[in-house]
Structures are given as C-alpha cells and as structure tokens.
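Here is the structure we will look at, set down as structure tokens.
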Amino acid sequence: MIFEKIEHIKQQLSELRAENEEALEALRIKYLSKKGEITALFNDFRTVPADQKRELGQKLNELKNLATDKINALKETFKAQEKEKNKIDITRPAFPAELGTRHPISVVRKQIIDIFSRLGFTLADGPEVEDDWHVFSALNFAADHPARDMQDTFFVERNQDDVTRNIVLRSHTSSVQVRTMERKQPPIRIICPGRVYRNEAITARAHCFFHQIEGLYIDKNVSFADLKQVLLNFAQELFGPDTQIRLRPSYFPFTEPSAEMDVSCMLCGGEGCGFCKHTGWVEILGCGMVDPAVLEASGIDSSIYSGYAFGLGVERITNLKYMVKDLRMFSENDARFLDEFKSAH
C-alpha cells in the first residue's frame with residue numbers, strides 16, 4: 001500500500017505546476033511540511049516489515065529529494081522572472097517616447113519645392129562656402145557694390161589684390177544658378193533651395209543665416225509674361241486659389257527688368273488690416289528677366305536665349321503662413337514651439 005502511495009505522489013510531482021509563489025508555498029506545505037503527505041509516509045515507515053525497510057527507505061528518500069528539487073526549481077524560476085521584471089535596461093529609450101515633428105521651415109520648404117516640381121523645375125544644389133565669382137562677379141555685381149562690403153557678407157578668406165579669389169559664405173543661392181549655367185546649356189529649369197548667410201544683427205525680423213529658394217528658367221523666347229504666370233500659379237497653390245499678385249518695379253544687378261512681387265493679404269483678402277499695414281498686399285519675393293551680361297558670363301549666347309529668375313525667403317513665407325512673429329524662434333530648437341506644428345504636414 002505504501003509503495004503505491006509513493007508512485008502516486010511521484011506521478012503528481014512530475015506534473016507539478018504553480019502559477020505564483022503563493023501557490024508554490026501551498027504545494028510545499030502539502031508534500032514537505034510536518035503534516036505533509038511525504039512526511040506522513042515516513043511516519044508509516046515503522047509499520048513496514050523489516051525485510052522491506054531498506055527498499056522503502058531508499059524510495060522515500062528519493063521521493064523527498066524529488067519533491068524538494070522540484071519545488072526549489074520552481075522557486076528559482078519565480079526569482080529569475082522577478083529579477084528580469086525589475087531589471088533596468090540602460091539602453092532602452094526613455095519612456096514615454098514622444099513622437100517628433102518636422103520643423104516648420106522644412107514643412108514650407110517641401111511645399112514650395114513640390115509646387116515648382118509640378119511646374120517642371122528640377123532641384124539643383126551647390127556649396128555654401130563659395131568664391132567671389134559665383135556669388136558676385138558672374139551675377140553682374142560691380143566691384144564697388146555694397147553687397148561686397150563686410151557688413152553684408154561673411155568673408156572666409158580675402159585677398160585684397162585679387163578680389164576674384166575671395167572666399168565667402170554664400171549670401172544667396174544664385175551661386176547655384178551660375179554653376180548650373182556654366183556646365184549646362186539651355187533649356188535650364190531649376191530651383192535652388194539652401195541656407196545662406198549675411199552679416200546682419202540678429203533680431204526678431206532678421207538673422208545671420210536663413211533659407212532661400214531661387215528659380216531659374218532659360219530657353220528660347222522666354223518672356224516676362226511667362227514669369228508672371230508661373231508666379232501667379234505658385235502663389236495660388238501656396239496661399240489659396242483666390243490669391244492675387246502684383247509686380248512692382250525694383251532693381252537687382254543680375255536681372256533686367258526687375259520686380260518685387262506682392263500677394264494679396266491672406267488675412268483680410270486684400271481689404272487692408274494691421275498685418276499688411278492696411279495696404280492689402282504682402283511682399284514675398286524678388287524676380288526679373290536674367291540680365292544678358294549674366295548669360296554671357298556663364299557661356300550662354302544671349303542673342304539666342306533669354307530667361308527669368310526669382311528668389312524667396314523660406315522664413316518669410318513661413319511667417320506669413322503660420323503668423324510667427326519672431327524669426328529667432330526657428331533656430332532656437334524650443335520643443336514647445338515645434339510641437340505647435342505637429343498637424344502642419
């Protein structure tokens with residue numbers, strides 16, 4: 001009878017499971033406590049005939065060791081699980097992991113690029129550290145032009161005896177247009193987005209660096225009417241289908257004739273408000289027909305080809321779209337400011 005009990009308990013131990021430490025302790029008490037089932041078998045040992053005691057003693061010891069090992073193994077499993085649960089993974093990112101957002105400058109820059117891409121313009125890029133030729137001379141800037149002065153341009157390296165070797169931080173992305181014209185014959189239809197630098201005091205309305213997108217189209221029989229239609233299409237795509245534009249005469253060394261473009265105020269619809277200074281118009285870019293001297297300087301025959309160019313500041317457009325009053329906020333990396341643009345893209 002006692003041998004049958006031993007085999008029965010062995011079978012139970014082989015299938016022993018516990019969901020938690022409390023259940024495991026209950027199993028220990030059931031089998032190994034002073035009133036447990038295995039302890040009770042040891043108490044019955046004295047009633048067994050002498051010739052069976054040796055065999056029974058071995059089986060009881062094996063049963064007790066089996067129960068002890070099984071319970072200890074389950075206990076170690078629970079300890080390992082608890083240790084893993086409380087383990088700190090120093091490589092894990094901080095929780096909660098907040099989703100970031102694209103910078104408003106990047107959002108507007110992409111919108112502008114997408115509009116001109118649909119009009120057939122391709123992207124062109126160039127170095128931010130440039131030479132005098134590509135930033136000034138090839139664009140018809142006179143040697144004594146104020147833009148060459150140190151108050152406007154950051155000079156990296158300057159040779160007073162040979163101004164064409166001056167190394168500068170580009171003050172506009174027009175240098176990319178020059179490089180494109182030097183290596184490629186018309187037709188040319190490009191936009192040149194990038195960061196530019198000017199030696200200006202940092203205020204709410206100005207910064208020493210900002211972002212531009214300039215455009216260039218050169219081909220046969222390009223007219224000012226083509227320029228106006230492209231800019232009207234751009235303005236209505238960006239600000240809405242009811243947007244109107246006007247072109248005012250202006251001056252740029254590399255275009256002739258030149259103009260500055262205004263759009264009807266998006267707040268008052270052209271009626272006049274504080275934002276547009278009660279004029280109903282807001283300036284957004286400069287443009288004009290490429291000066292023949294600029295074409296010739298880059299090896300393009302101005303008697304065959306003509307073209308137009310335009311340039312706008314991305315920060316300026318972003319200000320208009322999102323009413324950001326202080327230009328410095330774009331470069332301060334304040335998460336509170338950037339969080340406001342999570343739904344802007």
Side-chain angles (χ1 to χ4, degrees), residues 108 111-112 115-116 119 121 136 139-142 145-147 152 171-174 177 189-193 196 198 200 203-207 210-218 221-295 302 306-325 327:
V108 174
Q111 291 175 348
I112 296 172
I115 293 172
F116 284 112
L119 295 173
F121 288 81
F136 296 127
L139 291 167
N140 210 31
F141 281 82
H145 195 281
D152 293 323
S171 54
H172 47 202
T173 56
S174 301
Q177 299 178 13
R189 194 197 305 255
I190 59 170
I191 50 172
C192 316
V196 299
R198 294 183 185 176
E200 298 182 2
T203 66
R205 298 179 60 85
H207 210 292
F210 55 98
H211 300 79
Q212 278 189 338
I213 295 181
E214 298 196 24
L216 175 70
Y217 177 41
I218 301 174
N221 302 317
V222 177
S223 68
F224 201 95
D226 298 323
L227 170 62
K228 182 177 180 180
Q229 186 58 46
V230 164
L231 295 181
L232 176 61
N233 186 290
F234 161 70
Q236 292 180 341
E237 286 272 347
L238 189 64
F239 297 110
D242 296 329
T243 303
Q244 299 297 315
I245 68 170
R246 72 174 183 182
L247 298 172
R248 295 178 287 104
S250 186
Y251 167 76
F252 302 110
F254 39 87
T255 55
E256 179 59 38
S258 303
E260 291 184 352
M261 189 182 94
D262 303 331
V263 295
S264 54
C265 180
M266 58 290 304
L267 290 187
C268 64
E271 296 296 327
C273 66
F275 181 75
C276 61
K277 300 179 181 178
H278 301 283
T279 64
W281 298 95
V282 180
E283 177 190 338
I284 66 166
L285 59 81
C287 60
M289 299 300 294
V290 179
D291 193 300
V294 173
L295 296 177
S302 61
S306 58
Y308 60 71
F310 56 86
L312 55 90
V314 181
E315 279 84 349
R316 175 65 170 164
I317 302 297
T318 308
N319 278 343
L320 296 179
K321 286 182 69 68
Y322 300 120
M323 308 304 168
V324 179
K325 296 181 179 179
L327 201 68

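In this text, all values refer to a predicted model and were calculated from it rather than measured experimentally.
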Taking atom [atom1] of [X] and atom [atom2] of [Y], what is their separation to the nearest 0.5 Å?
| X | Y | atom1 | atom2 | value |
| --- | --- | --- | --- | --- |
| I245 | W281 | CD1 | CH2 | 8.0 Å |
| D262 | L247 | CG | CG | 8.5 Å |
| T173 | H211 | OG1 | NE2 | 11.5 Å |
| E200 | H207 | CD | NE2 | 11.0 Å |
| R246 | L232 | CZ | CG | 15.0 Å |
| F224 | S306 | CZ | OG | 12.5 Å |

Examine distances only and state if a side-chain atom of [X] and a backbone atom of [Y] form a donor-acceptor pair shorter than 3.5 Å.
| X | Y | result |
| --- | --- | --- |
| N233 | V230 | no |
| R316 | E283 | yes |
| N140 | P253 | yes |
| R198 | S171 | yes |
| S250 | S258 | no |
| Q244 | S264 | no |

Candidate pair F310 and F116, rule ring-ring contact (aromatic ring centres under 6.0 Å, His included), full reasoning: CA-CA 12 Å; F310 56 86; F116 284 112; 4.9 Å; yes

Is the shortest side-chain heavy-atom distance between [X] and [Y] below 4.5 Å?
| X | Y | result |
| --- | --- | --- |
| I218 | V222 | no |
| M289 | T255 | no |
| V196 | F210 | yes |
| F234 | T243 | no |
| L231 | L285 | yes |

| message | Using a 6.0 Å cut-off, check whether atom NZ of K228 has over 12 heavy atoms from anything other than its own residue. | response |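 Count not over threshold, so no.
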
What's the shortest heavy-atom distance between [X] and [Y], and which atoms?
| X | Y | result |
| --- | --- | --- |
| G311 | E214 | CA-CG, 3.8 Å |
| P193 | I213 | CB-CG1, 3.8 Å |
| I284 | L312 | O-CB, 3.7 Å |
| S223 | Y308 | O-CD2, 4.2 Å |
| N319 | L327 | ND2-CD1, 3.7 Å |
| Q111 | L238 | OE1-CD1, 4.0 Å |

Steps toward side chain to side chain contact (heavy atoms under 4.5 Å, CB included) verdict (L139, H172): CA-CA 11 Å; L139 291 167; H172 47 202; 3.6 Å; yes

